[in-house]
Amino acid sequence: MARKGKVGETRILESVGMTKRFEGLVAVDSLDFHIPDGAIASIIGPNGAGKTTFFNCITGFYEIDEGEILFDGARINGRSPDQIARAGISRTYQNIRLFNNMSAIENIMVGQEPHLKSSWIGAIFGSPSTRQEDALTEERASELLHFVGLEGKGDMLSKNLSYGDQRRLEIGRALASQPKLILLDEPTAGMNPRETIETTAFIRRLRDEIGITIVLIEHDMRVVMDISEHITVLDYGRKIAEGLPADIQTNLDVIEAYLGRGAAASLEN
Amino acid sequence: MSIFKWKTDEFSWVDFTIDVLRVLIVLGVVVGAWNTLSSGRISFAQWVNLFAAGLSQGSIYALIALGYTLVYGILLMINFAHGEVFMAGAFSTVFLAEALNRTGFLNEQPLLAILLMILFAGLVSMTVAILLERVAYRPLRGSPRLVPLITAIGASFFLQYTFRGLYGSGFKAYPQVKILQGVISIGDINIPIVQIFVFCSALILMLGLYWLVERTRIGKAMRAVSENKEVARLMGIDIDWVIMFTFGVGGFLAGSAGVINGMFRPQGVNFFMGFIPGIKAFTAAVLGGIGNIPGAMLGGLFLGVIEAIGPNLVLAGLGIPGANQLKDVIAFTMLVLVLIFRPQGILGERLSEQKA
Amino acid sequence: MDLIWTQTSRRVLVYGLLAGAFILFIGAVGMIAAFHEREVVDRFISLGQLMLMLAPFVTAYYVAGQVAERDQDRPLALVSGVLIGLLTTVPTVILLLFNSDQYRFLLDLTLRLTPFVAATITAWRMHRAGAEAQTALGAWLAIVLLVGIVTFSFALIFEIKGNLRSVLVNINREWVAVVTFDNRGDLMRGLGALALVSTVSGFAGSILYLLPAVPRRALIYGLGVTALIGAFGETARLILQENVDRDTLREIFRRDTLRQNAALALFIISTAAGFLWARYGGQARARFGSLESAQRRAINIIGLVLFVVIMLMLPWLIGRTLSDVAVTIGIFVLMGLGLNIAIGLAGLLDLGYLTNYAVGAYILAVLTSIGPLGLFKGTFTFWMVIPLALLAAMFAGFVFAVPVLRMRGDYLAIATLGFGEIIGKLAISDWLKPLIGGAQGVQAIPKPIFFGTELKNPEQLYYIVLVASLVTLFVSIRLNNSRTGRQWMAIREDEDVATAMGIDTARAKLLAFTLSAATGGVAGAIFAAKVGTVFPNSFTVFISINVLSLIIVGGIASNPGIVVGAIVLIGMPELLREFSEFRFLLYGALLILMMIKRPQGLIPSKIVTHETRSGVKPKLATAE
């Protein structure tokens, strides 16, 4: 992994005219956006702005109605979610969705799926290559557990972990596929200020140490402004602003979307 | 729809197989129907008779299907034991019918006697349905979807063998009601009176239900709970009571269907009589879009007709011997096909993505 | 009033009446009379009577525990035991009175009064809860009418029919004889006997609870073992008959029943053993725990070797009749392990498992039969066809799985149920009669021949089942701990997320269905060879329900659980013939009970440990 730490000029993720409709309701409206390679980028916007829908479109859970999504230069819309995962995008969920009745380490082992090759026949006969791969999977999973700070809790069922540990495990599972891009849906939701600071530091460390691009949906503006290098603001499925945190903070459209027209007007004066 | 996916870069072999299946089925139906119709083995009058018989059978399915749909609408669970609720009413009432017949009341005041039987069967089934909800399903609300289904399968067999223990394992036949014997003839077409009776009484019950759901306060509460339980709770609706009521209404309809079925089918009732009609009624409910009340009624009628006409039209046309033996096969094939191709049903509005 | 109507008294009342309802229920469905046929101890107590005593005994034991712990009142616990014993008889006594000629007017009276009583109580409660008088009156009228219709109908039925028995077939002379302890002629004496036995049982139950721990456990053990061996007397005799000479056997058993002396001896021995275990068991376990790991492993290996030897010797130890049962159990273990791949591992509730069983059986039947329907008349042998049956079942599993891959949860369950029913109807149809014989089925299936010996006895077939089960067990353990197994579990837990992790869920589910079908095919083929004929009536939805039940009861996704589930659910009805009539009643009740109280099953599956086992030293850097 050579892309360490620096925000590249290239665009790892890009969309052109992306549109998603639900029975008349336009959830994402001809959206053009891009995420710079190696950045920590944020998607913000008021409730119902279409942020999670946006994630679902990228990961292939929703088929978009119009437009194109490009990942690493290749078109990914129309592919199934598992193919997109294999291409190098992984995600976490707003309401944590772990494999509850599997142990923590097994969750991470499942996360490595895109890199595994062994077949069921090999598993039955215990072929050397399968054994080797299993051992390697397990070893990597242990390392990742350590990386997310869950060493020693690997054999606990994931449903028995604490809330914060579950969040971390979910990120660990997303990292296990060694993605180029990771989508975090409200990683600090439900956390107290101390945990939030830890998580923020963790996200930064993630990018700095492993060098993957991170896109987050986040409500906590302090977190967003603190770590983002690129912000996209959505409202009613449309992009209303994009740029550096400093630009966004002073952007009137954004303030209006968040606080209403009056607030924006009074700020202008 | 999926066949047009060829042009995208992704080729899904699952879709492809399903498309092949679709083409084969359409082909089979068309060839079979063509062979039968062109051979002229079955006259127009016979078709009409089959159709009428199908409608009557279908209206019984519809009554049972309403129970599935009502419960599904509110709890999003398949009350697999609903067929047994139907059996409970039908099986219990056979004794009442015998008693009424013995006193002669059944033939002196047939309408009153049948009304009493329908009420009795309905109330017995209602009791069974409410007990079922209270004992087996209520403790499991909010657990993963397969858990109540497995419970329901357990309840189904438990009820079957309970009634087998209570009433014995043999078949018991409903006594014949004189005024329901005989046929009405219009030209070549002979329609048994009992079929008209079945259809009309089912229609009355269904209209009653429609009135209950659309026009009464408890009906409004049922609709509110099925839309959103949390909001309904906040509005001061007693959810447990509404759910119990829903099971009760579904049970009542199933029980009355049991009596109507007893009048219609002379081969009698026993403890296992509910299983197959139960699955078929579920098919009807899915056909109409589960959770959808008019859908269940139409689905039932539709299934009844298909089941009556299908073997003669399609299977016989394909040269399959003993086609009428395969009536159930037609019904179950319908079940599988609906679940594959149109899980949201004919009139389905709810759930397609998340539940199917 | 408040002194009497406490929480404790209410609990006693509720539990007592519940136990009574249970007794009445098993009587009304015919269990008590049927079980009376089986004597537990010769000329002393039958299984039916034992159940009559067990219900108040167990309930009183449980309630005494609650009273003693909560109220810290030991005498009260004894009183509660007596009351529970009495209350347990109430429902049965009422029905006995209703059923008698003398007191039938009570039934009429009850049926007449019930609507008014029920309506008045409800209306009164509504009134107290603050309902308007008008509403309460409306409710009163509605309830009188509704309940009145039911009670009037019942009154009419019983009036015309003349007795309860003509409707409730099991409220018959046999039942009356059992519950009155053979005082059918004199009802009052009968009721007295019932009340006495029940009260004594309840009292005994509460006393048992109040005993100190060691004798209590010893007694529970002794009573339990004696009752169990007594109830399964036939099984016990069949086992002993293989190993003990006839005269000794005659000392212990009269036909299939334990003699009183033998029962007493058994009780004393097992209580003594229980006493020793209760007293010193903890120490033994502690000593085992403190052993060196090498020694512990040695003991474990000895245990394992012993187990394997017993499994291999089993047919000689248990004789022909029980070997036959063992083969049946084995066939279901095989199916349970197979279906568990779909249900337990991948979370696909497949209710059409009988399809695979039927395919395996019919393939074997048609290919090897020497009867008129045999295609090759003996060219193919059992051993050649077993792989074919396996492949055919896998193919069937594959074909039926493709259309349902897109379905989830309950829809999938119903669709597979539909497939199963279609197969059942097709098997019996005229259409396929030329091929598979319609309702008559396929006959004259030869037994397997193993190096020249015909394996015609269950003792020999046992080994085929054993080997097949072990192979399946091995495969299923291997798969469980593999990448494939983890894919399945991920799909079971959350299919959407599994897809998002890069799992091709359609493929994984297809594999689960196909592999799960394989053992069903083998089981079907073995079944066909065992029975020698294949009828469509053997392939009903009950097969699927049997297998589902044993998985759920034993423990979903737990291999030992499935074996135990099969032994209990399949073995018990085979060994206790009186029971087989009620097996689906029990399965149904168990499925409900398990889902509510213990969804993980009797023997829950264990988590595979990775972290502690692997001993990997975590490095700080991430995967590279």
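The structure displayed is predicted, hence computed values, not measured ones. Computation of the quantities below employed the complete heavy-atom set of this structure, encompassing side-chain atoms and omitting hydrogens, waters and symmetry-equivalent molecules. So you know, we letter chains A, B, ... as the sequences are listed, proteins then strands, and number each from 1.
Among Thr484(C), Asp494(C), Val497(C), the residue making the largest number of heavy-atom pairs under 4.5 Å with chain A is Val497(C). Listed options Arg91(A), Glu133(A), Arg173(A) were ranked by heavy-atom pairs under 4.5 angstrom with chain C; first place goes to Arg173(A).
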After noting the C-alpha distance and the side-chain angles of Asp82(A) and Thr505(C), does the key distance pass the side chain to side chain contact (heavy atoms under 4.5 Å, CB included) rule?
CA-CA 8 Å; Asp82(A) 58 300; Thr505(C) 49; over 6 Å; no
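Here the closest non-hydrogen pair linking Thr499(C) and Ala85(A) is O-CB, 4.4 Å. Listed here is the closest heavy atom pair of Phe61(A) and Ala500(C): CE1-CB, 3.9 Å.
To the nearest 0.5 Å, the span separating CG on Asp496(C) from CZ on Arg97(A) amounts to 5.0 Å. For the atom pair Arg486(C) CZ and Asn107(A) CG, the distance stands at 11.0 Å (nearest 0.5 Å). With rounding to the nearest 0.5 Å, the separation of CE in Met489(C) from CE in Met109(A) is 9.5 Å.
The main-chain N or O of Asn101(A) is found under 3.5 Å from a side-chain atom of Glu493(C) such that the two form a donor-acceptor pair.
For residues 112-125 of chain A, the interface with chain C (any heavy-atom pair closer than 4.5 Å) comprises Glu113(A), Pro114(A), Leu116(A), Lys117(A), Ser118(A), Ser119(A), Trp120(A), Ala123(A), Ile124(A), Phe125(A), sorted by residue number.
Residue Asn100(A) touches chain C through both its backbone and its side chain, counting heavy-atom pairs closer than 4.5 Å. With a threshold of 4.5 angstrom between heavy atoms, Leu511(C) approaches chain A through side-chain atoms but not through N, CA, C or O.
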